[in-house]
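The next block holds one structure in the form of structure tokens; read it before the comments.
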Amino acid sequence: MRFKFTIFLLALNAISFGLIAYLNHQARQIEPSTGGLSGQIGRELIDADRIELHGRGIETPRILEREGSTWYLLEPMQWSANYFAINRILNQLQFLEEEASFPVDDIEKTGQSLADYGLENPLLRIVIAEGEESISVSIGTLTEIGNNVYLLGPDEREIFVVDRQVIDGLLVDLNDLRTREIFDIPVFEVEALGLQIRSENTADGSSLKVRLARNNGAWTFEAPLAAKADPTLVDNTINTLTAAKVGRFIETEQSNLILQGLENPFMQVTIHGNKRRQSLIVGNLDPNSQGAPQYFAKLENNPAIFTVLARPFDILREAQEALRERNFMNFDPSKLSTMNISENGRKIRLQKLETGENDWQVLESNGENEIQPYRADPAIMDSLLKNLSTLRASGFTADAPTASDNENYGFNNPRRVVTLSFSIGDPLTLMLAHPEGREDVLYAKTNLADFIFEVERYTTLRMIPLDTNYYRNRLLDMLPSAARISALKLTNLEKNEAIFDYKIGQENMGWNDLIEEFDTEHGDQIHVLLDAVRKFEVKNYLIDSYTEAYPVDEENSLPWIFQLSATIQLPGGETDRTETREYVLTERLSGTVQVAGSKQYNTIFEIPQPLIEALYELTDEMEIPPEMAEEPVLEPKPIDPVTAPAQINTP
């Protein structure tokens, strides 16, 4: 009894499911007719995964299929479909509205047929499919009245009259139906870039294979060598490639893989994404291209041939060098503790002090003699560390040099050796060299790799001179903020007379008051001298000792012509402490050079340009032309005529 009851329930379920399926099928047949034309086709459009366009209104059938959210054109060629063109077709169909409608049975009763409305061999037949199920509509001829056309509905039992403009929107040109984009892998997904470039210089036409990969956000070359790549240049290159557009499509009857260079291409570009890749094959130049040059190209495993702009791919010919990282001295200046610069036994040592982040000292050693250390100039050190850490290669000379190559490039006797030591990590050594007799090039290499780079000669050697004075602090003397200059004197030592000698007798009297009373003409220049005494800066150090004359060379010297002296009052205790500052100077040697010396600091140096200009205004004895003094110009004395030479008689 129980078994029979179970069989009864199973049979009842089967009948119920069958009834539900039948009613659902009937609903799909009946419901559209009650909703007009858009109601009949709108539902199928929502989930459509295939669209076919046939008919005498288009040259060849067009078949489109959807994969996920992307539409692809399968016929007449395989290519990605234009997203906006497909959406326009779907929207036109989804919101299609009829002006009028009448059953097919009615026209048959009057002796007419579908052919009379252009629907037997329609202008356009549209098939909309979802899986195995599909519907179709056919578009016929124009109506006799109004700008409308006849359309045969999906059930082929009713003819609709619809606006012609709506139908014209369905006749999309094939060029508009195809997207112009070539790669569909987005930039953020790209993990590697591969290039296969045919060499023009080899007899067998072999190809150079270049591969770059992204590792932990950094781009590196994996072939033909292991080296860092410039991340910005690689990102820009990938942006350019993924944004590349089709110039024009080549029709099938015009395709010729051999003539268009696609049988043996000069380049193949492969973009690797997340578990997928796309390869573009690039062939010969298109002789019929208008404007900028274009290459024939095609995607791998896709027969469609098209053209692309030549310039992005011409740049890739030199990708092995063009995309390489040229900054080969990357280091963190804040971790640097010492820097040794040497050449042929002579060495300069720059050492960071513990007194501050930007406090350095410089000292020089020559053999066993070590010279007294000096404070290094903060601005010079900042510039040196910045320029050294961003030193760039202007060329890549050798990637795997032999011992013979190193010798030929001069590294057996380098021009400079710079060793950087860090608070954490291994030292970094930079060697600069050039072949014997070659003063126009400079090569570089480090202890981190075997590569030999070419660098800009003049700026690189100028950046790290083997001269202690170059690194010395340009601030020679600086008075305390509470110090007061009570007297300032400028003397002509050659004439043993004062050019000026100013003293402030009263404490509450300032230099502005004194200048206004005694020398308003040279007030600006005197202020420059006062500022220089308070903060005396050096342009360049010349000699590390003071002498009674400036020794130009071993045989010649220049006398000190002027002396600038100042009396300084330093507050302290019950009475002020008095100090003096004295600087001796040569005459102005050129527009930008004047030499000075300090016995107190035991050094000879060049002074900066503002001080040169101020001293020149105060010491120059050149006679002012009468025009500048607004005085009458004297008439020049007449010049006696020159006696004519005697005539020479020739035989």
Side-chain angles (χ1 to χ4, degrees), residues 371-372 374-375 377 467-470 472-480 483-504 511 514-515 518-519 522-570 577-622:
I371 299 175
Q372 175 185 355
Y374 295 99
R375 285 270 185 171
D377 190 86
D467 181 5
T468 307
N469 289 327
Y470 172 79
R472 284 182 61 182
N473 195 333
R474 299 299 194 271
L475 184 60
L476 183 65
D477 182 35
M478 186 167 184
L479 300 181
R484 189 170 64 92
I485 302 174
S486 61
L488 186 68
K489 182 178 181 181
L490 182 61
T491 305
N492 187 321
L493 298 176
E494 198 172 39
K495 297 181 179 180
N496 194 25
E497 63 181 23
I499 298 173
F500 67 77
D501 184 4
Y502 295 136
K503 298 177 183 178
I504 297 180
W511 281 99
L514 187 144
I515 291 171
F518 294 104
D519 196 349
H522 298 103
D524 292 341
Q525 290 75 30
I526 292 174
H527 276 296
V528 171
L529 268 58
L530 289 168
D531 292 340
V533 169
R534 186 167 291 280
K535 183 181 179 181
F536 204 98
E537 293 182 303
V538 169
K539 179 182 176 182
N540 290 311
Y541 290 97
L542 300 175
I543 302 174
D544 287 340
S545 60
Y546 175 80
T547 57
E548 294 301 327
Y550 166 50
V552 180
D553 51 40
E554 293 182 357
E555 298 180 357
N556 302 300
S557 62
L558 294 175
W560 303 121
I561 303 299
F562 306 106
Q563 181 182 63
L564 177 64
S565 56
T567 303
I568 316 296
Q569 304 297 326
L570 299 170
R577 187 175 77 255
T578 301
E579 292 185 2
T580 60
R581 300 289 188 270
E582 290 185 351
Y583 304 97
V584 289
L585 307 104
T586 65
E587 61 184 353
R588 188 174 187 174
L589 303 181
S590 70
T592 59
V593 177
Q594 188 168 3
V595 178
S598 171
K599 183 181 292 186
Q600 178 183 357
Y601 291 101
N602 195 30
T603 185
I604 295 175
F605 48 86
E606 292 181 12
I607 60 175
Q609 193 65 31
L611 188 53
I612 293 176
E613 300 294 344
L615 288 168
Y616 185 75
E617 290 290 331
L618 293 165
T619 61
D620 179 46
E621 296 180 350
M622 181 178 67

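One-based numbering along the sequence shown.
Residue pairs meeting the salt bridge (Lys or Arg N to Asp or Glu O under 4.0 Å) criterion with at least one partner in residues 547-560, sequence neighbours excluded, are E548-K599. Within the structure, the salt bridge (Lys or Arg N to Asp or Glu O under 4.0 Å) test picks out the following pairs touching residues 578-596 (sequence neighbours left out): D477-R581, R577-E579, E579-R581, R588-E613. Judged as a side-chain hydrogen bond (donor to acceptor under 3.5 Å, both in side chains), the pairs with a partner in residues 489-501 (not counting sequence neighbours) are, in order, K495-E621.
In terms of the salt bridge (charged side-chain N to carboxylate O under 4.0 Å, His left out) criterion, D524 has no residue partners (sequence neighbours excluded). Partners of Y601 under the ring pair (Phe, Tyr, Trp, His ring centres under 6.0 Å) rule, at least two apart in sequence or in another chain, do not exist in this structure. Under the salt bridge (charged side-chain N to carboxylate O under 4.0 Å, His left out) criterion, D531 pairs with no residue at all, not counting sequence neighbours.
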**Q.** Test log, rule side chain to side chain contact (heavy atoms under 4.5 Å, CB included), inputs L585 and T619
**A.** CA-CA 11 Å; L585 307 104; T619 61; over 6 Å; no
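Using cut-offs of 30° and 60° for the angle between ring planes, the Y583 and F536 rings count as parallel.
A distance-only check finds a donor-acceptor pair linking the side chain of Y541 to the backbone of N473 [under 3.5 Å]. Listed for the E537 side chain is no donor-acceptor partner under 3.5 Å among the backbone atoms of A532. The backbone N or O of I526 lies less than 3.5 Å from no partner atom in the side chain of W511, so there is not a single donor-acceptor pair. Side-chain N or O atoms of Q609 include none that pairs as donor or acceptor with a backbone N or O of K539 at under 3.5 Å.
The CG atom of L618 lies 6.5 Å from the CG atom of L490; values are rounded to the nearest 0.5 Å. In this structure, I499 CD1 and L615 CG are separated by 8.5 Å, a value rounded to the nearest 0.5 Å. The structure places OG1 of T592 at 11.0 Å from CD1 of I607, a figure rounded to the nearest 0.5 Å. Atom CG in L529 sits 9.5 Å away from atom CD1 in I485 (nearest 0.5 Å). A distance of 3.5 Å separates CD of Q569 from OG1 of T578, quoted to the nearest 0.5 Å.
Minimum heavy-atom separation, A566 to V533: CB-CG1, 3.7 Å.
F562 has its side chain out of reach of V584: every pair of non-hydrogen atoms, C-beta onward, lies at least 4.5 Å apart. Contact annotation: the side chain of L493 never approaches that of P559 to less than 4.5 Å [non-hydrogen atoms, C-beta and beyond]. Contact check for Y374 versus N469: no side-chain heavy atoms found under the 4.5 Å cut-off.
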